[in-house]
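Just so you know, ligand 1 is whichever comes first in the structure, and atom 1 is the first atom listed for that ligand. The model shown is predicted, which means the values in this text are computed figures rather than measured ones. Numbers for residues simply follow the sequence, beginning at 1.
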Amino acid sequence: MSYPYQLKSFEDYQQAWQHSVTDPEGFWADVADHFYWRRKWDKVLEWDFKKPDVKWFSGARLNITENCLDRHLGTLGNQPAIIWEPNDPEERHRILTYRELYNKVCQFANVLKNNGVKKGDRVCIYMGMIPELAIAVLACARIGAIHSVVFGGFSAQSIADRIQDAQASLVITCDGAFRGAKDIPLKSVIDDALMACPSVKKVIVCTRTRTPVSMLKGRDVWWEDEIKAVETMGNPPVPAEEMEAEDMLFILYTSGSTGKPKGVVHTCAGYMVYANYTFINSFQYKPGQVYFCTADIGWITGHSYIVYGPLSAGATTLMFEGVPTYPDAGRFWDIVDKFRVNVLYTAPTAIRSLMGFGLGPVNHKDLSSLTTLGTVGEPINEEAWHWYKDQIGKGKCPITDTWWQTETGGIMIAPIAGITPEKPGYATLPLPGIQPILVDENGKEIEGNGVNGNLCIKFPWPGMIRTTYGDHERCRTTYFSTYENLYFTGDGCLRDEDGYYRITGRVDDVLNVSGHRIGTAEVENAINMHAGVVESAVVGYPHEIKGQGIYAFVIADKQVKDPDLTRKDIMQTVSRIIGPIAKPDKIQFVSGLPKTRSGKIMRRILRKIAEGELDNLGDTSTLLDPAVVEEIKQGKL
Ligand code: WT7
């Protein structure tokens with residue numbers, strides 16, 4: 001493969017960005033020309049942020065898997081598409097060439113068809129990081145089914161919420177998943193979830209851990225048996241379903257400041273073009289390189305930068321089943337060494353946690369294959385940035401700090417690796433096609449440099465969210481109504497003297513814990529489910545490794561006799577309702593919460609208390625009962 005639209009110099013980048021602003025349709029049509037279309041578009045872009053209604057490449061017909069698989073077979077058929085490294089380093093790794101991956105995707109697409117899945121049906125995927133997860137995702141896309149991948153760390157209740165919202169008819173899961181020293185009983189979690197999900201008619205279970213599972217007659221089938229059945233049928237080739245540009249490709253649930261997680265919808269053509277363009281440019285990926293993104297496919301990073309971006313570019317993408325610290329804190333570096341990894345993409349939280357183990361696990365690992373490093377998910381502090389640069393990149397690898405969101409589909413603001421002059425802690429400059437704007441509370445543009453504001457985007461890009469599944473109005477109010485004619489990101493941002501962007505963090509009630517997005521309201525609802533809890537308020541506080549930790553102020557219904565035990569119970573409840581990632585780090589029992597006269601919790605004050613800034617609470621004049629704050633401060637001391 002060659003990448004005619006790969007940027008080669010800073011001038012190239014500047015020109016491309018300029019072109020993308022003066023003639024967005026021409027710019028994206030030039031990029032899109034290099035994909036495989038069953039039919040080309042009639043119109044590149046139609047848009048109206050008020051509704052919102054955004055259509056890219058209207059009239060075009062395609063299937064994303066023909067771009068990820070079929071079109072590479074002639075040239076890259078024997079090249080590795082996926083390298084898979086298991087959780088246990090003693091187990092053999094697997095390599096799937098493009099041809100093998102193609103065959104397996106077609107096979108499993110047949111399985112889905114045999115199980116009654118049709119174009120437009122929603123399929124929930126709840127699996128660990130094994131190649132079959134990527135195969136399941138691609139098989140859905142091949143037959144035009146809409147996948148909704150749920151991260152393997154979410155609880156039965158969270159899965160049930162997502163399945164009900166999407167009205168999924170089929171679930172693909174595993175008996176279990178290996179993650180570090182733990183076995184996660186995925187199928188058993190699914191069994192619990194499905195008690196509340198009558199829409200699900202079939203469950204396909206892939207064997208991984210050989211944990212005993214219960215298989216429900218008429219509903220549950222084994223992946224391996226279904227593959228055999230397809231083989232007996234002679235494994236008929238599965239022509240890819242011809243999709244319209246704006247047909248849904250997938251739903252991915254993400255947390256907001258209110259309510260239950262919403263299903264972010266991405267569509268076929270725009271998402272494909274954007275994931276591919278940003279992959280090739282941000283990482284400056286070169287054909288033949290080995291690329292390793294440490295995310296889980298359960299998050300958008302895995303969708304765009306383990307599966308669709310790399311595969312559409314004919315890249316070799318490495319999938320890792322385990323965790324960075326198993327069997328020891330040198331695991332990432334062992335993998336880099338073992339497979340001669342060239343591009344490494346990970347989260348600041350992983351870097352900070354590995355930094356804590358010192359250089360022992362890094363020394364004597366051959367990291368000389370690395371050419372490019374990336375980070376994603378949260379702001380990176382300078383210390384971690386320099387450690388990554390010096391100890392992992394040995395001072396010779398550019399770092400691309402990529403800012404984006406589930407809703408943006410792909411990277412938005414980031415250095416073009418090795419081309420954009422970098423600055424630690426800065427996502428630097430917008431990619432071509434992206435027009436950021438900073439606004440004040442009233443939506444007035446903040447112009448010039450050396451300014452802070454709320455980050456919005458003023459023009460559509462192909463990978464952007466189209467709707468929130470089943471509730472378009474929610475999409476409008478969440479992203480397009482705060483400021484007129486702008487997409488609001490929810491992030492605060494600094495544009496420095498050089499015009500460089502630095503994301504300062506969420507300005508809404510969304511937490512970012514270890515790069516995972518969690519809504520405070522969601523955690524509060526889970527805490528409030530505990531029988532002994534009357535009310536709670538959750539805020540974030542700076543956490544050395546996780547970036548943000550979860551701090552919960554809890555009113556209990558009676559005197560708490562054993563606070564430690566009750567804390568554990570509450571954490572257990574949250575784990576059960578949402579998943580272990582949402583467990584509060586700290587719980588403080590209080591007798592009241594600071595509220596305004598109209599009954600709104602003043603989180604600003606709680607945030608200050610959680611941060612330990614007890615002498616700097618800001619304006620407290622609108623408090624209904626100032627004594628409450630004094631008491632909370634005392635409890636904290
Ligand atoms: C939120 C989006 C996009 C993939 C992973 C997270 C924060 C993301 C950065 C970065 C500072 C970042 C923002 C954003 N964020 N990348 N490079 N620097 N903050 O996706 O779960 O949708 O979360 O993550 O606050 O809004 P997500």
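Applying the salt bridge (charged side-chain N to carboxylate O under 4.0 Å, His left out) test to pairs two or more places apart or on separate chains, those with a residue in residues 415-433 are K389-E422, K423-D496, K423-D498.
Checking Y345 against T402 by side-chain atom types alone, a donor-acceptor pair falls below 3.5 Å.
In this view, E473 and R476 satisfy the salt bridge (charged side-chain N to carboxylate O under 4.0 Å, His left out) rule, not counting sequence neighbours. Shown here are the side chain to side chain donor-acceptor pair (under 3.5 Å) partners of T408, two or more places apart in sequence or in another chain: there are none.
Every protein residue with a heavy atom nearer than 4.0 Å to ligand 1 is included here: I300, T301, V376, G377, E378, P379, D401, T402, W403, W404, Q405, T406, D491, I503, R506, N512, R517.
Among K546, R352, R506, the one residue that satisfies the salt bridge (Lys or Arg N to Asp or Glu O under 4.0 Å) test with E378 is R352. Remark: of the listed residues Y291, Y5, Y274, Y3, Y291 is the sole one forming a ring-ring contact (aromatic ring centres under 6.0 Å, His included) with F279.
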